2 protein chains.
Amino acid sequence: MTRDSLIRALEAAESHCTERGEKLTPVRRRVLELVLEADAPVKAYDLLEALKPGPGAAKPPTVYRALDFLMAAGLVHKVEALNAFVGCSHAHDDGGAELFICSDCGSVEERHGAPDPVNMPDGFVIERSVVEHFGHCANCRH
Amino acid sequence: MTRDSLIRALEAAESHCTERGEKLTPVRRRVLELVLEADAPVKAYDLLEALKPGPGAAKPPTVYRALDFLMAAGLVHKVEALNAFVGCSHAHDDGGAELFICSDCGSVEERHGAPDPVNMPDGFVIERSVVEHFGHCANCRH
DNA sequence: TTGCGAGTGGTGATATTATAACATCCTTGA
DNA sequence: TCAAGGATGTTATAATATCACCACTCGCAA
């Protein structure tokens, strides 16, 4: 992600939060920045390390609270199968995204609005879906 | 799961392993039994507890090794979003299953053969998919 | 001004999930 | 017999996540 698009994403996040009546505080903003800067899913404890240059080192709850907030705001998604987090430059309040994760380079593509499953148990009502596809992106397939 | 179908599932698992040139050892068999008996996803450390009545208590690696084996054999699936495991009475060697998990009663339904995503990034090749739907089953929707 | 209450974050401890590293034992087949 | 591989036991520790409690700030209303 370029410097410019990072700045734009952070501004967009800022107004997205404001619209929701919430605050993108410095800690939250910094965590979002770190997640967006990464070009692959980031581990919570790597964020912790990254926040640590200084005497007032961040502790786990700080990071997890920030991530919870960002996930609720739709600014970050958790990759459940990796216990890692990816940023999302285009915030959206709808439920879950469909993620395509390249096992070679770690890049993640996000898609939305997948149709309901064709073969659902009778009467089942979906509330939240986790959809993560692992494989190889066009660049890494050579 | 009834006593009868449990026994049938274990026998099926036995021959499934034999066909693959692998052994369903006592530990593995016991773990599969515990997972199948449960009517909801089971945590690894709950299995550990369940294996513990006796002086030679099982240690974490024992359980995780058994689970790894069973997953490789397609007899057990991991619910990534719960860090829990579900049994699978009809072993199948194809990749991942599509899981429907009721958040109320914990029951899990499994489906196979979902079509490829409609909106995939250009050139992406899927190797493994994690698909987990959380919601409410027909029984719990009242 | 004062005092409440909600929201946020700091801190220490601890719970939960998973693996590393190495030893032991058992089967199988040369 | 003995070496090799697979399975398991054992100790320790890594990695992930949450709890419980306190302190600070801000807005707001008495």
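We name chains A, B, ... by the order of the sequence lines, and we start the count at 1 in each one. Because the structure is predicted, anything quoted here is derived from the model rather than measured.
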side-chain N/O B/Arg28 vs D/dA7 OP1/OP2, d < 4.0 Å:
yes

Go through the N and O atoms of the side chain of A/Arg65 and the base of C/dG10, and report whether any donor-acceptor pair is under 3.5 Å.
yes

Go through residues 40-49 of chain B and report each residue with a non-hydrogen atom lying under 4.0 Å from DNA chain C, sorted by number.
B/Lys43, B/Tyr45

Would you please confirm or rule out a distance under 4.0 Å between OP1 or OP2 of C/dA18 and any side-chain N or O of B/Asn83?
yes

Can you tell me the distance, in whole Å, between the CE atom of B/Met71 and the P atom of C/dA18?
9 Å

Would you indicate, yes or no, if C/dG10 has its OP1 or OP2 atom less than 4.0 angstrom from a side-chain nitrogen or oxygen of A/Thr62?
yes

By nearest heavy atom, map B/Glu22 and B/Pro60 onto DNA chain D; which one lands nearer the 5' end?
B/Glu22

Once you round to the nearest 0.5 Å, how far does NE2 of B/His133 lie from CD1 of A/Ile126?
4.5 Å

For A/Tyr64 and C/dT11, what is the distance between atoms OH and P respectively, to the nearest whole Å?
18 Å

Contact under 4.0 Å: B/Thr25 side-chain N or O vs D/dT8 OP1/OP2:
yes

Could you go through the side chain to side chain donor-acceptor pair (under 3.5 Å) check for A/Ser5 and A/Thr2 one step at a time?
CA-CA 5 Å; A/Ser5 54; A/Thr2 69; 2.8 Å; yes

Regarding A/Glu11 and A/Arg8, does a basic nitrogen lie under 4.0 Å from an acidic carboxylate oxygen?
no

Shortest non-hydrogen pair, A/Phe85 vs A/Val35, comes out as O-CG1, 4.1 Å

Compare all side-chain heavy atoms of A/Leu67 with those of A/Val31 and state whether any distance is below 4.5 angstrom.
yes

In whole angstroms, how far is the P atom of D/dT16 from the CD atom of A/Glu80?
14 Å

Would you mind checking if B/Arg29 and B/Glu14 are paired as a salt bridge, meaning a charged N to carboxylate O distance below 4.0 Å?
yes

Please verify the inter-ring angle class for B/His112 with B/His77; under 30° counts as parallel, over 60° as perpendicular, anything in between as tilted.
tilted

N or O in side chain of A/Lys78 less than 4.0 angstrom from D/dA17 OP1/OP2:
yes

Does a side-chain N or O of A/Lys59 approach OP1 or OP2 of C/dG12 to a distance below 4.0 Å, or not?
yes

Without decimals, in angstroms, what is the distance between B/Leu82 CG and D/dT16 C1'?
15 Å

What is the distance, to the nearest angstrom, from the CG atom on A/Leu70 to the P atom on C/dG9?
10 Å

I need the CG-C1' distance between A/Asp68 and D/dA17, as an integer number of Å.
10 Å

Whole Å only: how far is the CG atom of A/Leu67 from the C1' atom of D/dA17?
11 Å

